[in-house]
A.B. asks: 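First, the structure itself, so that you have it in front of you.
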Amino acid sequence: MDRQDVFEALPSPATHSFPDYSLPKGDPVLPIAITADELETLFDLYDRFAAVDPTGIDDNPVLKASTEFLQQAFGAPAYRPDDQLKEDIAAMLNDFADGLGGTDIGVVDATPKHHQTLYFFLTTCKGYHLAPHLRFSPPGDGIETLYTVYQRVVEQDVYLKRPQTVFENG
C-alpha cells in the first residue's frame with residue numbers, strides 16, 4: 001500500500017468518531033504487537049513531521065515579532081494545536097518505546113489517547129502533504145507503518161489494565 005492509498009483509506013475527519021472506551025473499574029488499553037523496526041520508522045516519520053511549521057511563524061521574523069507582541073500586549077498565550085499534537089505524538093512513541101523495553105518485538109499497551117493521537121498524526125500528515133505551501137513529502141514506508149499500527153489499534157479489543165474489584169473503593 002503506497003502513501004496515496006493510505007491517505008485515501010483514512011476515515012474522513014468530517015464523519016469520523018472515536019469509540020467510547022469508558023469501562024467501569026479500570027484503565028482501558030488496547031494491547032498491540034510492535035517491532036523495533038516499526039518503532040524506528042515511526043520515530044523517523046515523527047522527526048520529519050515535527051520539522052514542519054504549518055504557520056510559517058518560524059520562517060517569517062515579522063510574523064513572529066507581531067505574534068509575540070500581541071501575546072505580550074494582551075497576555076494571551078500562543079496556543080498552537082500543531083505543537084500540542086507534536087507533544088502527544090512524542091509521548092505516545094516514548095510510551096511505545098518504554099513498553100517495548102529494548103527488545104526487537106513486543107506487545108505495548110495503546111490507550112484511547114494513543115488511538116486518537118495515531119489518527120490525528122495520520123490525518124495531519126495527509127493535510128501537510130496536500131498543502132502546497134508546506135512541501136511535506138512523508139516517506140511512503142513511514143506512512144504505511146503508521147497506518148498499520150493505527151489499524152492494529154482499531155481492530156484490537158479493549159482490555160482493563162489494573163482492574164478493580166467490586167470490593168475496592170473507586
A.B. asks: Which is it for Val158 and Val29 under the side chain to side chain contact (heavy atoms under 4.5 Å, CB included) test, yes or no, and what are the steps along the way?
C.D. replies: CA-CA 6 Å; Val158 179; Val29 294; over 6 Å; no

A.B. asks: I would like to know whether Val149 and Leu42 meet side chain to side chain contact (heavy atoms under 4.5 Å, CB included); could you show each step before the answer?
C.D. replies: CA-CA 10 Å; Val149 172; Leu42 292 176; 4.1 Å; yes

A.B. asks: Rounded to the nearest 0.5 Å, what separates atom CG in Asp141 from atom CG in Asp37?
C.D. replies: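 Reported to 0.5 Å precision, the distance equals 11.0 Å.
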
A.B. asks: Atom CG of residue position Asp98 - does it have more than 12 heavy atoms of other residues, nucleotides or ligands inside 6.0 Å?
C.D. replies: yes

A.B. asks: So does Glu38 get a backbone contact from the side chain of Thr35, meaning a donor-acceptor N/O pair under 3.5 Å?
C.D. replies: yes

A.B. asks: Quick one: CZ on Phe96 to CG on Asn94, what's the gap to the nearest 0.5 Å?
C.D. replies: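 Those atoms lie 11.0 Å apart.
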
A.B. asks: To check you understand the geometry: which heavy-atom pair defines the closest contact between Pro112 and Pro28, and what is its length?
C.D. replies: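 Nearest heavy atoms, Pro112 then Pro28: CD-O, 3.5 Å.
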
A.B. asks: More than 12 non-hydrogen atoms from neighbouring residues, nucleotides or ligands closer than 6.0 Å to CZ on Phe18, yes or no?
C.D. replies: yes

A.B. asks: To the nearest 0.5 Å, how far apart are NZ in Lys126 and CD in Gln4?
C.D. replies: 8.0 Å

A.B. asks: Mind checking the CD1-SG spacing from Ile89 to Cys125? Nearest 0.5 Å is all I need.
C.D. replies: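 The SG atom of Cys125 is 7.0 Å from CD1 of Ile89, to the nearest 0.5 Å.
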
A.B. asks: Given Asp157 and Leu30, is the side chain to side chain contact (heavy atoms under 4.5 Å, CB included) satisfied, shown in steps?
C.D. replies: CA-CA 6 Å; Asp157 291 329; Leu30 303 111; over 6 Å; no

A.B. asks: Is there a path of hydrophobic side-chain contacts, each under 4.5 Å between heavy atoms of I/L/V/M/F/W/Y residues, joining Leu146 to Leu134?
C.D. replies: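 Yes, it is one cluster - the side chains of Leu134 and Leu146 are joined through contacts under 4.5 Å.
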
A.B. asks: Any side-chain to backbone donor/acceptor pair from Tyr119 onto Pro11? Under 3.5 Å, distance only.
C.D. replies: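 Between the backbone of Pro11 and the side chain of Tyr119 there is a qualifying donor-acceptor contact (under 3.5 Å).
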
A.B. asks: Could you tell me whether the side chain of Thr123 and the main chain of Phe120 form a donor-acceptor pair under 3.5 Å?
C.D. replies: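 The answer is yes, because a donor-acceptor pair under 3.5 Å joins these two groups.
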
A.B. asks: Which atom pair, heavy atoms only, marks the closest approach of Ala110 to Val153?
C.D. replies: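 Closest approach of Ala110 to Val153, heavy atoms only: CB-CG2, 3.9 Å.
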
A.B. asks: Once you measure the plane-to-plane angle for Tyr128 and Phe49, does it fall in the parallel (<30°), tilted (30-60°) or perpendicular (>60°) bin?
C.D. replies: parallel

A.B. asks: Evaluate side chain to side chain contact (heavy atoms under 4.5 Å, CB included) for Leu45 paired with Ile143, printing each intermediate quantity in order.
C.D. replies: CA-CA 8 Å; Leu45 177 62; Ile143 294 296; 4.2 Å; yes

A.B. asks: Flag the pair Asp44 / Pro139 as yes when at least one side-chain heavy-atom distance between them is below 4.5 Å, and no otherwise.
C.D. replies: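 The answer is no, as the side chains (C-beta and beyond) never meet within the 4.5 Å cut-off.
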
A.B. asks: Heavy atoms only: give me the nearest Thr103-Leu100 pair and the separation to one decimal.
C.D. replies: OG1-O, 2.7 Å

A.B. asks: The criterion is salt bridge (Lys or Arg N to Asp or Glu O under 4.0 Å); which residues satisfy it with Asp88, sequence neighbours excluded?
C.D. replies: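 Counting only residues at least two positions away or on another chain, Asp88 forms a salt bridge (Lys or Arg N to Asp or Glu O under 4.0 Å) with Lys113.
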
A.B. asks: Using a 4.5 Å cut-off on heavy atoms from C-beta on, say whether the side chain of Tyr159 contacts that of Pro31.
C.D. replies: yes

A.B. asks: How long is the gap from CD1 on Ile105 to CG on Leu39, to the nearest 0.5 Å?
C.D. replies: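 Going from the CD1 atom of Ile105 to the CG atom of Leu39 covers 12.5 Å.
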
A.B. asks: Take the angle between the ring planes of His16 and His115 and call it parallel below 30°, perpendicular above 60°, tilted in between.
C.D. replies: perpendicular

A.B. asks: I need the single residue from Arg3, His129, Arg48 that forms a side chain to side chain donor-acceptor pair (under 3.5 Å) with Ser137. Which is it?
C.D. replies: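 Running side chain to side chain donor-acceptor pair (under 3.5 Å) over Arg3, His129, Arg48 with Ser137 returns exactly one hit, Arg3.
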
A.B. asks: When rounded to the nearest 0.5 angstrom, what distance separates CZ in Phe121 from OH in Tyr147?
C.D. replies: 16.0 Å

A.B. asks: So, do Gln156 and Gln151 sit near enough that their side-chain heavy atoms are less than 4.5 Å apart?
C.D. replies: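 No, every pair of side-chain atoms sits at 4.5 Å or beyond.
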
